[in-house]
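Numbering of ligands and ligand atoms starts at 1, following listing order. Every heavy atom of this structure was used, including side-chain atoms; hydrogens, water molecules and symmetry mates were not.
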Amino acid sequence: MEKKEIYGSRPNSALPSGNGDKWGESLQSVFELSLQSQGPERTAQLLEQLAGQLRAAPSPASGQTTPYANTIPVEEQPPYPGDWRVERRIKSLMRWNAMAMVVKANSTTNVGGHISTYASAATLYEIGFNHFFRGATENFPGDQIYFQGHAAPGMYARAFLEGRLDEKHLQNFRQELAEGGGLSSYPHPYLMPDFWQFPTVSMGLGPIMSLYQARFNRYLHARGLTNWKDEPKVWAFLGDGESDEVDTLGAITLGARENLDNLIWVINCNLQRLDGPVRGNGKIIQELEGLFRGAGWNVIKVIWGSDWDDLFARDKNGLLLKRMEECVDGDFQKYVVEPGSYTRKHFFGKYPELLALVTHLKDEQLPKLMRGGHDTRKVYAAYKAATEHKGQPTVILAKTVKGYGLGEAGEGKNISHQQKKMNEKELREFRERFEIPITDDVIAETPFYRPPADSVEIKYLLERRKSLGGFLPARIVKPATLDVPKSDFFAELLRGSTREISTTMAFGRLLSLMLQHKGISKNIVPIIPDEARTFGLDTLFREIGIYSSKGQLYEPVDSQTLSFYHEAKDGQILEEGITEAGSMASFIASGTSYASHGVPTIPFYIYYSMFGPQRVGDLFWLAGDIRAKGFLLGATSGRTTLNGEGLQHQDGHSLLLASTIPTCLPYDPAFGYELAVILADGLRRMYVENEDIFYYLSLYNENYSMPPMPAGVEDGILKGLYRFKAGTENPHPASGGHPLPSDGRGAGGEGKKVKAHIFGSGPIIQSALKAQEILADKYGISADVWSATSYKLLRTDAIRCQRWNMMHPTEAPRKSYVEELLAKEQGAFVAVSDNIRTVPDQIAPWVPGGLFTLGTDGFGRSDTRARLRRFFAVDVESTVIGTLYALAEKNLISRDIVAQAIKDLGVDPEKIQPQIV
Ligand SMILES: Cc1ncc(C[n+]2csc(CCOP(=O)(O)OP(=O)(O)O)c2C)c(N)n1
Ligand SMILES: [Mg+2]
């Protein structure tokens with residue numbers, strides 16, 4: 001008898017049958033029987049249970065996907081607790097106002113904006129707002145919600161209906177500099193600090209931050225720093241296109257490993273991204289399901305809406321599911337944009353039985369068969385299940401239509417993402433579809449609409465938020481300060497040491513001291529991505545423990561040693577493993593806990609500096625936007641100080657990258673006392689003065705003796721430059737030194753004093769100090785050595801003055817710190833550091849007579865420090881030559897001296913040099 005194929009016509013979707021495969025045949029017939037008697041949903045559920053058992057088997061053999069069906073069967077849908085009619089009205093008003101603010105803004109400007117993202121996600125948000133998202137109350141920090149960046153107009157529209165924003169705000173969407181201020185394009189706490197909590201618009205950052213936020217919440221609680229009654233949930237809304245970002249999916253196993261059932265992701269699967277379909281030739285929902293299940297998440301698919309339930313119930317042969325499985329996402333998109341007749345012919349028409357299923361529906365009704373993500377009841381059921389699920393994070397894969405409700409203006413079209421204008425006809429259609437009471441005479445102006453305060457809608461909406469604890473999004477910062485140590489607490493570092501240590505070791509010591517300081521010890525959050533041993537911080541393992549939600553279930557191999565690998569439920573260190581992105585996400589969660597939990601914590605994130613802003617620069621940028629505080633420590637810094645490691649490891653430009661972040665203070669300290677002063681001041685500014693800034697400190701691993709702090713330099717350390725060691729007043733060339741020319745221009749010649757100034761940073765200040773001696777001894781030149789701790793800060797101060805002067809041309813000009821400091825200095829100015837020249841060059845315009853810079857531009861090499869420094873020309877000899885050259889350039893000495901010095905110092909001028917194109 002010929003077997004009738006009922007389910008799965010594609011090669012891999014039917015079970016193997018025939019050819020004597022009895023098991024396959026048997027399973028197939030049980031499957032078919034189940035479909036006929038139980039229906040597809042129940043069958044899908046049973047299959048999932050079996051698949052679950054299979055996955056739990058020692059060698060999982062099955063794939064990770066379930067049929068293309070709703071995970072929650074209709075029989076298990078909970079009753080809907082709200083008044084869905086009123087909610088629909090409210091949602092329609094949101095839709096209108098969100099659309100109107102974009103259309104209006106773009107009628108007079110070209111500021112852009114997005115309509116279609118929120119249009120597809122409105123139900124996903126509204127169910128959350130009306131039933132799930134809890135605001136902050138006395139003992140509850142509020143649920144933490146990462147709104148999809150491009151859906152921002154929807155959140156503004158809601159805040160407008162809630163009375164939190166007025167028409168003027170909406171009118172000035174994306175016109176923040178307009179009179180009276182405006183609304184930022186996307187969630188930016190920096191720009192709207194009372195409103196937005198989490199920046200999300202750079203795709204992938206919201207997802208990874210939400211993961212680490214959920215874990216950080218647990219960490220804070222485990223360490224006794226919070227006293228909430230209920231645990232906050234972390235919700236992240238993301239796009240299906242966004243799931244292509246490595247940041248989105250790259251860390252999801254953390255969620256399962258840490259049993260983050262406080263985390264819910266809602267992926268708005270409208271099957272489209274900016275240009276077109278996310279997976280035209282496949283199914284993004286299925287692909288994501290497989291990934292999340294594989295990573296140990298609870299997956300809830302919301303594929304079809306209630307309108308389909310009846311069809312599925314009547315489809316005894318499972319043909320409807322089969323047809324859905326056959327279609328790729330590109331097909332589904334076509335059914336959105338084409339008329340119902342097309343869907344009837346091409347979707348249902350493939351099988352006569354399917355056609356029969358929809359004979360009672362007119363063509364116009366077919367496009368109204370909703371996708372699950374637009375169905376209030378289905379979405380509610382999914383959220384309820386997600387919030388109640390224990391032991392795993394949940395991802396909800398909600399199928400929606402991009403630009404839902406825009407009709408001809410963009411519903412499901414490839415251009416939908418960028419649609420920001422609508423003509424009058426389209427506006428009328430939109431108004432009719434969502435029943436907005438706006439009359440024809442004004443519709444072309446796309447007026448905003450808010451019903452009166454005593455309307456059913458507004459009362460309902462406000463009551464819902466009230467019962468859920470208040471409005472969201474809201475960023476509420478309760479004033480809190482810490483009793484931070486002053487610099488004298490670090491007296492040991494201020495005294496210096498003859499013992500040779502590196503600035504990394506100095507930092508280790510400072511951290512130990514801070515961990516003993518009553519005012520801040522418990523608020524410190526050390527974050528390390530698998531590099532503690534590199535930085536000599538492994539003793540902390542035992543002292544303060546590594547946080548692990550599971551404690552330590554094994555005896556560590558080094559349990560007999562003093563600094564054994566100690567994991568504990570209340571451990572203080574976040575040992576993140578090899579993930580700089582994850583570590584930055586932890587830094588941000590900790591650096592914003594003052595706002596998200598009302599509990600200030602102080603992150604010290606120490607990492608291999610090359611893998612800092614260069615690798616995860618977008619998260620550095622975001623740290624500024626989100627107003628994170630804390631200290632980033634780029635250790636093993638320097639293109640020549642980190643010898644041996646070569647091109648990929650030697651960092652000479654992170655300081656420059658860090659300099660680009662407006663709220664970041666980058667410092668390049670040379671000595672332990674500088675570090676102590678900077679840390680103490682940073683603690684004060686961030687945790688006492690409550691400035692929303694963060695610090696980037698370069699740390700190096702070269703050992704040298706640390707001098708005691710000279711008197712009166714604290715201010716200079718903090719501002720970025722101070723004279724560390726003045727040159728000798730009357731230098732005389734030592735006997736055997738190079739004879740000076742007697743042309744009247746030469747150093748020391750005719751009694752003329754030739755002066756130079758060398759700015760050194762980090763360990764390269766050693767080159768400057770030794771060069772200072774040689775310049776005095778051999779060339780009779782007095783060179784002052786300055787410690788340049790922060791070129792960025794010098795520069796920003798200078799440009800602030802410059803701008804003021806430009807705008808006040810008739811008033812007495814202001815002078816920046818660096819100009820004041822150097823105003824009376826004579827001679828040539830030279831900078832030398834282990835960074836590319838652009839770092840010191842930041843201040844060149846304000847140095848009298850210009851700045852001559854030595855630096856490490858070009859790729860690193862694996863070699864010794866000495867050879868590397870010669871290669872890049874930042875060693876002692878090159879610093880001498882550079883200084884002489886700078887003097888010669890100013891006609892202060894003869895060029896012959898420079899040429900002679902090159903010979904005397906044994907430098908080969910023709911030797912290979914770093915390539916820079
Ligand atoms: C890192 C990054 N790359 C590119 C963009 C530009 N961009 C903004 S939205 C978008 C498409 C988003 O598609 P999806 O995630 O599916 O969201 P949808 O609007 O469809 O809900 C792109 C490419 C961005 N914001 N961030
Ligand atoms: Mg999308």
Side-chain angles (χ1 to χ4, degrees), residues 95 98-99 102 111-126 128 146-155 174 184-188 196 198-210 235-250 265-280 282-288 291 302-303 329-330 332-333 336-337 371-374 379 395-406 409-420 581 584-585 615-622 625:
R95 290 179 183 286
M99 176 277 294
V102 178
V111 293
H114 301 83
I115 303 173
S116 60
T117 300
Y118 178 71
S120 73
T123 302
L124 302 178
Y125 286 115
E126 280 305 297
Y146 292 70
F147 297 99
Q148 206 184 342
H150 298 76
M155 310 314 132
R174 287 188 171 227
S184 66
S185 48
Y186 303 116
H188 293 302
W196 294 115
F198 305 106
T200 47
V201 78
S202 180
M203 316 250 106
L205 301 191
I208 193 168
M209 284 196 309
S210 69
W235 294 76
F237 288 81
L238 35 149
D240 46 359
E242 185 173 11
S243 68
D244 281 337
E245 289 285 359
V246 288
D247 312 71
T248 303
L249 297 176
W265 279 10
V266 181
I267 307 190
N268 178 16
C269 296
N270 52 28
L271 316 188
Q272 281 182 245
R273 42 185 159 82
L274 191 151
D275 282 340
V278 178
R279 295 287 184 273
K283 283 194 175 66
I284 186 63
I285 292 180
Q286 297 300 85
E287 182 181 323
L288 291 174
L291 279 162
V302 186
I303 293 183
D329 285 355
F332 287 121
Q333 292 308 85
V336 175
V337 298
R371 287 183 181 175
H374 299 296
V379 174
V395 61
I396 293 164
L397 303 172
K399 188 170 175 180
T400 63
V401 175
K402 190 145 179 167
Y404 183 78
L406 294 188
E411 192 169 69
K413 293 186 175 175
N414 279 342
I415 49 95
S416 180
H417 189 82
Q418 268 145 316
Q419 185 62 283
K420 32 197 132 282
M584 264 312 280
R615 178 153 187 134
V616 287
D618 213 359
L619 282 162
F620 272 62
W621 184 256
L622 187 149
D625 184 353

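Of the candidates D240, D329, D244, D244 is the only one forming a salt bridge (charged side-chain N to carboxylate O under 4.0 Å, His left out) with R279.
Residue-level proximity to ligand 1 for D240 is carried by backbone and side chain together, each with a heavy atom below 4.0 angstrom. The part of Q272 lying near ligand 1 is the backbone, judged by heavy-atom distances below 4.0 Å.
Taking 2.8 Å as the threshold, N270 counts as a candidate ligand of the Mg ion (ligand 2), since one of its N, O or S atoms lies below it. Within the coordination shell of the Mg ion (ligand 2), defined by N, O or S atoms under 2.8 Å, E242 is absent. For the Mg ion (ligand 2), the set of nearby N, O or S atoms under 2.8 Å includes one belonging to Q272.
In this structure, the side chains of V278 and L271 stay at 4.5 Å or more apart for every pair of heavy atoms. Annotation: side chain of Q148 is not in contact with side chain of M155 (no heavy-atom distance under 4.5 Å). Using a 4.5 Å cut-off on side-chain heavy atoms (C-beta onward), K413 and Q419 make no contact. When side chains are defined from C-beta on, T117 counts as touching H417, because their heavy atoms get closer than 4.5 Å. Between P199 and L205 the shortest side-chain heavy-atom distance does not fall below 4.5 Å. Side-chain contact between E126 and V379: absent, with no pair of heavy atoms (C-beta onward) separated by less than 4.5 Å. The side-chain heavy atoms of L274 and Q418, taken from C-beta on, include a pair separated by under 4.5 Å.
Checked by atom type and distance alone, the side chain of S116 never pairs as donor or acceptor with a backbone atom of K402 at under 3.5 Å.
Nearest to the Mg ion (ligand 2), among the N, O or S atoms that D240 has, is OD1.
Residue-to-ligand polar distances place M203 within reach of ligand 1: an N/O pair is separated by less than 3.5 Å. Considering backbone and side-chain atoms alike, V278 places every N or O at 3.5 Å or more from each N or O of ligand 1. In terms of polar-atom proximity, Q148 is counted as a contact of ligand 1, with an N or O under 3.5 Å from an N or O of the ligand.
Ligand 1 places these atoms under 4.0 Å from at least one heavy atom of H417: 9 (S), 10 (C), 11 (C), 19 (O). Per-residue contacts place N268 under 4.0 angstrom from the following atoms of ligand 1 (heavy atoms of the residue considered): 21 (O). Here is the list of ligand 1 atoms found below 4.0 Å of a heavy atom in V201: 24 (C), 25 (N), 26 (N). Proximity to T117 (heavy-atom distance under 4.0 Å) selects the following atoms of ligand 1: 18 (P), 19 (O), 21 (O).
The shortest contact between atom 22 (C) of ligand 1 and any protein heavy atom is with L274 CD1, 3.8 Å.
Residue contact check for ligand 1: E245 places a non-hydrogen atom closer than 4.0 Å to it. The closest approach between S202 and ligand 1 falls below 4.0 Å for a heavy atom of the residue.
Distances from atom 6 (C) of ligand 1 to the protein include no heavy-atom value under 4.0 Å.
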